[in-house]
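Letters go in sequence order (proteins before strands), and every chain restarts at 1.
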There are 2 protein chains.
Amino acid sequence: MNANPLVTRLQQFCPLDAGDLQDLNALSLDRRHIAHGTNIVHGGSAANHIHLILSGWAARYKVLTDGTRQITALLLPGDLCGVRCAMLSQMDQGIMALTPMHVAYIKPQALYRLESTSAGIRHAMNWCSLVEDATSRAWIINLGCRQALPRTANLFSELSERTMMSVPDSLADSFLPLTQLELADTLGLTPVHVNRVLRELQQRGMVALRRGGVMMTDLSALRQLGSFDGAYLRPKTIAIGEQTAA
Amino acid sequence: MNANPLVTRLQQFCPLDAGDLQDLNALSLDRRHIAHGTNIVHGGSAANHIHLILSGWAARYKVLTDGTRQITALLLPGDLCGVRCAMLSQMDQGIMALTPMHVAYIKPQALYRLESTSAGIRHAMNWCSLVEDATSRAWIINLGCRQALPRTANLFSELSERTMMSVPDSLADSFLPLTQLELADTLGLTPVHVNRVLRELQQRGMVALRRGGVMMTDLSALRQLGSFDGAYLRPKTIAIGEQTAA
DNA sequence: AAACATACTTAACATTTAATAGGAATGGTA
DNA sequence: TACCATTCCTATTAAATGTTAAGTATGTTT
């Protein structure tokens with residue numbers, strides 16, 4: 001793992017110069033271990049850090065008054081979350097660890113100061129937000145247009161792509177540490193129906209079921225079934241001058 | 001209408017100082033009339049402007065290979081869109097006018113330069129993105145958790161809130177210029193089922209149906225049925241020093 | 001006025017998904 | 001080992017939504 005994973009992450013989006021690297025490395029990263037099931041951010045509470053996920057998975061979710069829960073984002077190693085946490089409290093959303101995790105806590109003011117002074121860092125952060133935005137729109141499309149089977153396959157394809165980008169040499173590339181209940185709350189289905197869908201995917205040889213997760217065994221079949229196109233996860237980095245602002 | 005609607009918009013999110021106002025007013029706004037049905041941005045084409053909607057409604061959408069269309073955002077007067085258009089082409093999404101419109105075309109480079117020099121403008125733009133982000137997450141929740149009737153009521157409540165914020169003294173506050181087909185593509189339902197839902201809402205006295213749109217007649221009932229909470233549309237503006245980065 | 005395209009409405013039927021309930025496996029803990 | 005809480009699996013029934021098809025309005029163009 002890089003001495004400063006924030007550097008690794010931001011460089012995916014925008015080339016950074018020596019000064020940027022120095023400034024980022026000067027940020028003290030407060031690394032913490034988080035137990036499975038812990039709430040990193042509570043719905044309704046003020047969020048006073050930016051979180052960078054070093055290992056493990058988390059879910060951003062909201063619980064409605066009738067008790068139903070919707071997971072609105074899945075956060076993987078390398079993901080920056082809480083960039084927008086100031087809003088989370090008003091939105092009553094929370095973030096929960098789905099596995100044991102390592103998380104770097106970053107002081108927002110410190111990062112904000114860097115954004116003021118470095119166009120490169122500002123751009124990298126913007127691109128980071130752009131990918132988040134594109135991903136949530138892809139979820140809208142998935143929920144709105146696809147039925148349970150392709151919807152599930154599409155989600156799995158996205159998660160496969162994202163794990164490969166963030167931890168490319170991991171042996172566990174294709175394991176999704178989500179219970180069927182958590183999948184249900186992500187996909188807008190009931191746990192019972194998720195079970196039916198997973199069984200069908202298993203019969204077709206695309207996944208193998210484990211307690212507490214799913215092992216993907218035929219990625220290209222999943223991508224085809226879910227008509228997945230991951231272009232939105234890999235925005236072409238463009239020079240600062242050409243940047244379409246914001 | 002303000003001489004510079006961009007100023008009006010950004011000031012909703014963050015107080016701007018005299019210098020900011022001067023700089024923004026110096027931006028040449030290229031105002032154009034757009035006919036109903038026109039594609040402002042084509043999926044697959046490069047987007048080279050930021051668009052500020054002065055009047056009329058537009059939809060951001062994607063057409064899947066099987067022909068189904070999902071509308072991923074509705075854009076109302078005062079909305080800035082295309083801040084992230086560089087990505088639209090890669091995402092194969094387009095933006096289409098749902099009504100006749102007036103749109104201001106802004107050169108991204110010019111706005112980008114202002115962001116470099118003014119923390120206030122940078123913050124205002126960030127808050128603008130935050131509201132967009134919160135809105136798309138609200139759509140995920142709506143699509144994932146609610147059935148057709150409350151889902152429709154929730155969307156109507158959001159749109160009512162947004163129209164009131166953007167054109168508060170309009171007489172047409174409560175008219176939604178969306179055909180039932182467009183509503184279907186927004187809500188992830190079939191046009192036939194949208195018709196059933198609208199008829200039900202009409203029977204309950206919450207809406208009146210018009211050709212080409214829906215008139216909302218009982219907003220509080222719609223909000224209750226859709227369990228709508230619009231806090232995410234009105235983020236509390238905070239001072240720059242306290243800003244949680246982004 | 002006639003023709004036309006678009007939007008809306010309605011009905012019958014099919015399919016998907018939800019709801020409910022109960023049981024079986026798994027893993028942790030006293 | 002016994003207990004307990006999850007998670008997972010399965011079956012049945014019911015509800016929500018999709019599909020197909022056809023007809024009716026409405027506004028526009030000729």
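Protein atom CG of B:Leu187 is 15 Å distant from nucleotide atom C1' of D:dA16, rounded to whole Å. The distance between atom CG of B:Leu181 and atom C1' of D:dT26, rounded to the nearest whole Å, is 17 Å. Atom-to-atom, CG of A:Leu149 to P of C:dT15 comes out at 17 Å; the value is rounded to the nearest Å. The interatomic distance linking A:His36 (NE2) with C:dG28 (P) rounds to 12 Å, in whole Å. Going from atom CG of B:Leu178 over to atom C1' of C:dT6 covers 16 Å, rounded to whole Å. In this entry the distance linking CG of A:Asp185 with C1' of D:dT7 reads 14 Å, nearest Å. Distance B:His193 NE2 to C:dT17 C1': 12 Å, rounded to the nearest Å.
Comparing D:dT17, C:dA18, D:dC8 by their closest approach to the side chain of A:Thr190 singles out C:dA18. For A:Leu189, counting side-chain heavy atoms from C-beta on, the closest listed nucleotide (D:dT7, C:dC8, C:dA18) is C:dA18. Picking from C:dT17, C:dC8, D:dT7 the nucleotide with the shortest atom distance to the side chain of A:Ala148 gives C:dT17.
Scored by the side-chain hydrogen bond (donor to acceptor under 3.5 Å, both in side chains) test, B:Arg146 finds B:Asn142, B:Ser227 as partners (sequence neighbours excluded).
In this structure, the side chain of A:Thr99 engages the main chain of A:Trp57 through a donor-acceptor pair within 3.5 Å. Side-chain atoms of B:Thr68 do not come within 3.5 Å of backbone N or O of B:Leu64 as any donor-acceptor pair. Listed for the B:Asp185 side chain is no donor-acceptor partner under 3.5 Å among the backbone atoms of B:Glu182. Panel note: side chain B:Thr38, backbone B:Ala97; no donor-acceptor pair is recorded below 3.5 Å. At least one donor-acceptor pair under 3.5 Å links the side chain of A:Thr217 to the backbone N or O of A:Met206. Within the 3.5 Å criterion, the main-chain N or O of B:Leu74 finds a donor-acceptor partner in the side chain of B:Arg162. Formation of a donor-acceptor pair under 3.5 Å by the B:Arg151 side chain with backbone atoms of B:Leu187 is found in this model.
Ring geometry, A:Tyr232 versus A:Phe228: the interplanar angle exceeds 60°, so the pair is classed perpendicular (tilted spans 30 to 60°).
Listed pair B:Gln180 / C:dT9 meets the phosphate criterion, a side-chain N or O lying under 4.0 Å from OP1 or OP2.
Counting non-hydrogen atoms under 4.0 angstrom, A:Gly188 reaches the backbone sugars and phosphates but no base.
A rotation axis mapping the C1' atoms of four pairs onto the next four is fitted at both ends of the helix from C:dA1-D:dT30 to C:dA30-D:dT1 over five pairs, and the angle between these axes is 30° to 10 degrees.
Proximity of residues 194-214 of chain B to DNA chain D (heavy atom under 4.0 angstrom from any strand atom) is restricted to B:Arg196, B:Arg211.
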